[in-house]
Amino acid sequence: KGGGRAPEAAYHRCLALYEMQKPESLTQARDELNRFLKDYPRHALAPKARFYEALSAFDLKDHAGCEGSFEKVAAESPDLAGRALLRRGQALLLKDEPNAVAAADALAKAVEALEKDAAAPGADAALPQRIAEALYWKGEALLAQDGKLLDAASAYGEVHKRFQPQSPELAEKALYQMARTLYLGGQHAQGAEASDLYRKAYAADKGLFHAESERMPMSSPQPIEAST
């Protein structure tokens with residue numbers, strides 16, 4: 001339907017509606033992007049239209065309604081796969097009936113895709129923050145599963161270790177979550193060390209989780225020897 005530059009004009013109108021980030025504009029963007037996909041299913045902009053339709057649904061908190069679209073975007077558009085898998089993993093975890101196993105799998109694939117994107121020449125400057133976000137949410141998905149506490153702690157620890165400059169608030173939260181998760185996993189000495197590290201790194205007047213960290217045990221004054 002339509003000719004000339006009509007599809008491009010329709011797509012950019014939808015994008016402008018999405019970027020307004022108001023509930024009514026997100027709803028309108030979602031509706032119009034659905035219409036775009038029906039009118040121009042084979043257009044070069046269709047994968048991006050599907051991605052922003054799913055993002056509109058995600059931002060409207062229709063998590064169950066968007067995760068399938070993100071999966072399709074990831075399969076058909078390698079350039080959007082990392083971002084789509086990140087949001088799919090989050091949607092799987094946030095929907096009314098969460099699927100933590102599928103979420104962890106999607107988020108692990110998101111980290112892999114985003115790391116690949118970040119290694120390419122001229123990579124988007126926002127990629128480190130996205131990798132940090134995917135790793136953090138991978139930790140959340142693992143935390144929601146039985147028997148995965150130490151794997152979750154490892155994911156949180158990687159966020160704090162690698163991404164303090166690029167994502168300082170998320171890195172702080174990840175360190176607190178690592179300490180908490182280690183303790184829940186029975187690794188009390190390591191959990192206490194991590195909580196000590198949190199209190200040293202984030203002063204009482206600056207740390208978002210300082211009060212919570214104070215309720216965790218403190219580590220032994222003697223250094224813990226590495227196992228051999």
How long is the gap from CD on Glu169 to CD on Gln164, to the nearest 0.5 Å? 13.5 Å

Working to the nearest 0.5 angstrom, can you tell me the gap between Leu114 CG and Gln129 CD? 11.5 Å

Partner residues of Arg162 under the side-chain hydrogen bond (donor to acceptor under 3.5 Å, both in side chains) criterion, sequence neighbours left out: Glu115, Glu158

Side-chain heavy atoms nearer than 4.5 Å, only ILVMFWY residues, links allowed to pass through others: does that put Tyr136 and Leu92 together? no

Hey, are Gln90 and Glu133 close enough side-chain-wise for a donor-acceptor pair under 3.5 Å? yes

Which atom pair, heavy atoms only, marks the closest approach of His160 to Ala171? CD2-O, 3.2 Å

Under a 4.5 Å cut-off applied to non-hydrogen side-chain atoms, are Lys138 and Leu142 in contact? yes

With the 4.5 Å side-chain cut-off for hydrophobic clustering, are Phe36 and Leu17 part of the same group? no

Might you confirm whether atom CD of Gln166 has over 12 heavy atoms from other residues, nucleotides or ligands at distances under 6.0 Å? yes

Using 0.5 Å steps for rounding, measure from the CG atom of Leu37 to the OH atom of Tyr11. 10.5 Å

Which heavy atom of Thr181 sits nearest to which heavy atom of Ala153, and what is that distance? CG2-N, 3.9 Å

From Asp62 atom CG to Glu67 atom CD, the distance as rounded to the nearest 0.5 Å: 10.5 Å

May I have the step-by-step check of side-chain contact (heavy atoms from CB on, under 4.5 Å) for Leu149 and Leu143, ending in yes or no? CA-CA 5 Å; Leu149 289 170; Leu143 181 60; 3.3 Å; yes

Should Leu93 and Leu85 be counted in the same cluster of Ile, Leu, Val, Met, Phe, Trp and Tyr side chains packed under 4.5 Å apart? no

Worked check of side chain to side chain donor-acceptor pair (under 3.5 Å) between Gln28 and Glu24: CA-CA 6 Å; Gln28 189 175 353; Glu24 59 273 18; over 6 Å; no

Kindly compute the distance separating CG (Leu107) from CZ (Arg88), expressed to the nearest 0.5 Å. 9.5 Å

Given the rule in the side-chain contact (heavy atoms from CB on, under 4.5 Å) test, do Arg35 and Asp39 qualify, once you have shown the distances and angles that lead to the verdict? CA-CA 6 Å; Arg35 191 176 306 119; Asp39 290 347; 3.7 Å; yes

Heavy-atom pair of closest approach, residues Asp124 and Pro128: O-CD, 4.2 Å

How close do Ala110 and Gly82 get, heavy atom to heavy atom, and via which atoms? CB-O, 3.8 Å

How about Leu182 and Leu184: do any of their side-chain heavy atoms sit closer than 4.5 Å? no

On the 0 to 90° scale, with breaks at 30° and 60°, tag the Tyr202-Tyr198 ring pair as parallel, tilted or perpendicular. tilted

Rounded at 0.5 Å granularity, tell me how far CD in Glu32 sits from OG1 in Thr27. 11.5 Å

Locate the shortest heavy-atom distance separating Leu60 from Pro23; write the atom from each residue and the value. CD2-O, 3.7 Å

Just wondering, more than 12 heavy atoms not from Lys95 lying within 6.0 Å of its NZ? yes

Would you mind listing every ring pair (Phe, Tyr, Trp, His ring centres under 6.0 Å) that reaches into residues 53-110, with sequence neighbours excluded? Phe58-His63

Can you give me every donor-acceptor pair (side chain of residues 44-55, partner residue at least two apart or in another chain, under 3.5 Å) with its distance?
unit_1	atom_1	unit_2	atom_2	d
Arg50	NE	Glu76	OE2	2.9
Glu53	OE2	Arg30	NE	3.3

Does the Ser25 side chain pair with the main chain of Lys22, one donor and one acceptor, at a distance under 3.5 Å? yes

Single hit among Lys173, Lys161, Glu140 for side chain to side chain donor-acceptor pair (under 3.5 Å) with Tyr156: Glu140

Applying side-chain contact (heavy atoms from CB on, under 4.5 Å) to Val159 and Ser167, what does each step give before you reach the verdict? CA-CA 9 Å; Val159 175; Ser167 296; 5.9 Å; no

Identify the heavy atoms of Phe163 and Leu135 that sit nearest to each other, and give their distance. CE1-CD1, 3.7 Å

